[in-house]
Participant: 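Please see the structure below; I have some questions.
These numbers were taken from a predicted model, which means no experiment stands behind them. Order of the sequence lines fixes the chain letters, A, B, ..., with proteins taken first and strands second; residue numbering starts at 1 for each chain.
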Protein chains: 2
Amino acid sequence: MPKEGVSIQVIRRLPRYYRYLSELDSEGIEKISSTKLAVMMNSTASQIRQDLNCFGGFGQQGYGYSVAGLRTEIGKILGLEQQHNMILIGAGNLGKAIATHLSFEKLGFKLTAIFEKDEKLIGTSLRGIEVMSDDKIEDYVKENQIDTAILTMPKEAVEKIIDKLYACGIRSYWNFSHYDISKKYLDATVENVHLSDSLMTLCYRITEKNQIG
Amino acid sequence: MPKEGVSIQVIRRLPRYYRYLSELDSEGIEKISSTKLAVMMNSTASQIRQDLNCFGGFGQQGYGYSVAGLRTEIGKILGLEQQHNMILIGAGNLGKAIATHLSFEKLGFKLTAIFEKDEKLIGTSLRGIEVMSDDKIEDYVKENQIDTAILTMPKEAVEKIIDKLYACGIRSYWNFSHYDISKKYLDATVENVHLSDSLMTLCYRITEKNQIG
DNA sequence: TAGATTGTTAATCGATTAACAATC
DNA sequence: TAGATTGTTAATCGATTAACAATC
């Protein structure tokens, strides 16, 4: 029963809680207090308790939180027990890495198909999934229940294909390109990963530190 | 002359401004007002003006901002004209993708060497850069001016190698692993990219939307 | 000059932190 | 019971938005 309107800041902290709890759990630790978790995560006890209480009272006064229990709860909140069917479009270097690197099943998804424009790559296989020609996308999406697409191709390629994806019902995108999907499709759920932006902010911070220090 | 203490929110918006201005510039557009830029970027004129004025008055009253001029200024603020020498450690799928996918030179960096533990990969070449054995890192870093490392290897591998990296002077990390560098080395500049966290938040938002809609 | 748009101050809003009563 | 720690309310802090005088 996640409440409506939880702020994006809180939501972005949930996977981090989940990771730390998973680690504690695998170490066999059974309980944790917000204070101790805060020290581990370089956060504050107040923030942790506030964040969790957006979704429910998972702790026990005088005791703390059950590590395994809280981990499970956060997993449920994130919706990880589901398996949203997803396709990946763009089997270049980045697409290949994303397809092979992640444990989609643990993250609420199932990667069921990979599409690519470049004929040289079509017919090859990643993770046991055959790379198909991207003009088969529409048929595939209609025949299978696909709600999410990973876009690991250049901006221009996304621009060309996005209308087709939206038209066949895909409303959720993990977007590695610089194409601005939300601008065109206001109701789409878009998670952008802008690697170059990330690297630029690192550059800024190095530059800043050198100037001050 | 970037001022000290500009908030991380503002800094994270700079690359985005830079991108949109680059695009306008390549379209031959010479001037832009904060209002129009806000519409393009789905932001607000107020926020844009506030953000820019953390660093200086780049506009002209009654006119707006020079696209090319503002782009250049933001580039300078980000420090993109520099070329921080960086190494990449971990030439697996993800490392390969990162090494080949990005234009480091445009982002303030120069990738000068790639290291890997797996002997099968040593001697291969990415972007014309030979993949070397990771026991050559120390010597290489000492002989070359390296300030940044890209970490595209598992948490456990980072844990093993981080002390060595810090000891030979690397203070800046683009970290794709789940190892928490900042916790151990408080003065390190760390930019984390947690792909699985990103995907989990997408899962959350799909789940949330399904429940409400 | 009149119109446009910035730079900047003030007002609002929201997120984080602190405090503490409830309770295990 | 006493001690610990939560859940939750209140206080603070900071970021965003609005307003407007300055000025091109």
Participant: Between P on C:dA15 and CD1 on A:I11, what's the gap in Å once rounded to a whole number?
Facilitator: 11 Å
Participant: List in numerical order all residues of residues 12-42 of chain A for which some heavy atom is under 4.0 Å away from an atom belonging to DNA chain C.
Facilitator: A:R13
Participant: For a quick check under 3.5 Å, do A:Y63 and A:S33 share a side-chain donor-acceptor pair by atom type?
Facilitator: no
Participant: For the NZ atom on B:K164, are there more than 12 heavy atoms of other groups (residues, nucleotides or ligands in this structure) within a distance under 6.0 Å?
Facilitator: yes
Participant: Here's a test for you: under side-chain hydrogen bond (donor to acceptor under 3.5 Å, both in side chains), which of B:T148, B:T189, B:D147 qualifies with B:S172?
Facilitator: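 Option passing the side-chain hydrogen bond (donor to acceptor under 3.5 Å, both in side chains) with B:S172: B:T148.
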Participant: Can you find a heavy atom in the side chain of B:T201 that is under 4.5 Å from one in the side chain of A:L14?
Facilitator: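 Side-chain contact under 4.5 Å: no.
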Participant: Calculate the interatomic distance between A:Q60 atom CD and D:dG7 atom C1'; express it in whole Å.
Facilitator: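 Computing the A:Q60:CD to D:dG7:C1' distance gives 13 Å.
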Participant: C:dT23 P sits how many Å from A:N53 CG, rounded?
Facilitator: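 Rounded to the whole Å, the gap is 14 Å.
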Participant: Looking just at side-chain N and O atoms, do A:Y20 and B:D180 make a donor-acceptor pair shorter than 3.5 Å?
Facilitator: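 Checked: A:Y20/B:D180 side chains pair up, N/O donor to acceptor below 3.5 Å.
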Participant: Check whether any side-chain nitrogen or oxygen of B:Y65 sits under 4.0 Å from OP1 or OP2 of C:dG7, and answer yes or no.
Facilitator: yes
Participant: Would you say the ring centroid of B:F115 lies under 6.0 angstrom from that of B:Y140?
Facilitator: yes
Participant: Over how many whole Å does the gap from A:F55 atom CZ to D:dT8 atom P extend?
Facilitator: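 Taking CZ of A:F55 and P of D:dT8, I get 14 Å after rounding.
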Participant: How is the base pairing of DNA chain C summarised as a dot-bracket string, given the Watson-Crick and G-U wobble criteria with both distances under 3.5 Å, [ ] for crossing and | for another strand?
Facilitator: ..||||||||||||||||||||||
Participant: Specify the residues of residues 43-51 of chain B, ordered by number, for which at least one heavy atom lies under 4.0 angstrom from an atom of DNA chain C.
Facilitator: B:R49, B:Q50
Participant: So does B:Q61 reach the base of C:dT5 with its side chain, donor to acceptor, closer than 3.5 Å?
Facilitator: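 Side chain to base: no pair present.
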Participant: Salt bridge or not for B:R205 and A:E191, using N-O below 4.0 Å?
Facilitator: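 A:E191 and B:R205: salt-bridged.
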Participant: Regarding B:S66 and B:E30, do their side chains bring together a donor and an acceptor under 3.5 Å, going by distance alone?
Facilitator: no
Participant: Which sits closer to the 5' end of DNA chain C, A:Q9 or B:G64, going by the nucleotide each is nearest to?
Facilitator: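 The residue whose closest nucleotide sits nearer the 5' end is B:G64.
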Participant: Taking atom types as modelled, is there a side-chain donor on B:N93 or A:T100 under 3.5 Å from an acceptor on the other?
Facilitator: yes
Participant: Parallel, tilted or perpendicular, judged at 30° and 60°: which one describes the rings of B:F109 and B:H84?
Facilitator: tilted
Participant: More 5' along DNA chain C: A:G62 or A:V10, using each one's nearest nucleotide?
Facilitator: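 Closest to the 5' end, via its nearest nucleotide, is A:V10.
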Participant: If only atom types and distance count, is the side chain of A:S182 paired as donor or acceptor with the main-chain N or O of A:A188 below 3.5 Å?
Facilitator: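 No; judged by distance alone, with no hydrogens or angles, the pair does not exist.
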Participant: In whole angstroms, how far is the P atom of D:dG7 from the CD atom of A:E73?
Facilitator: 12 Å
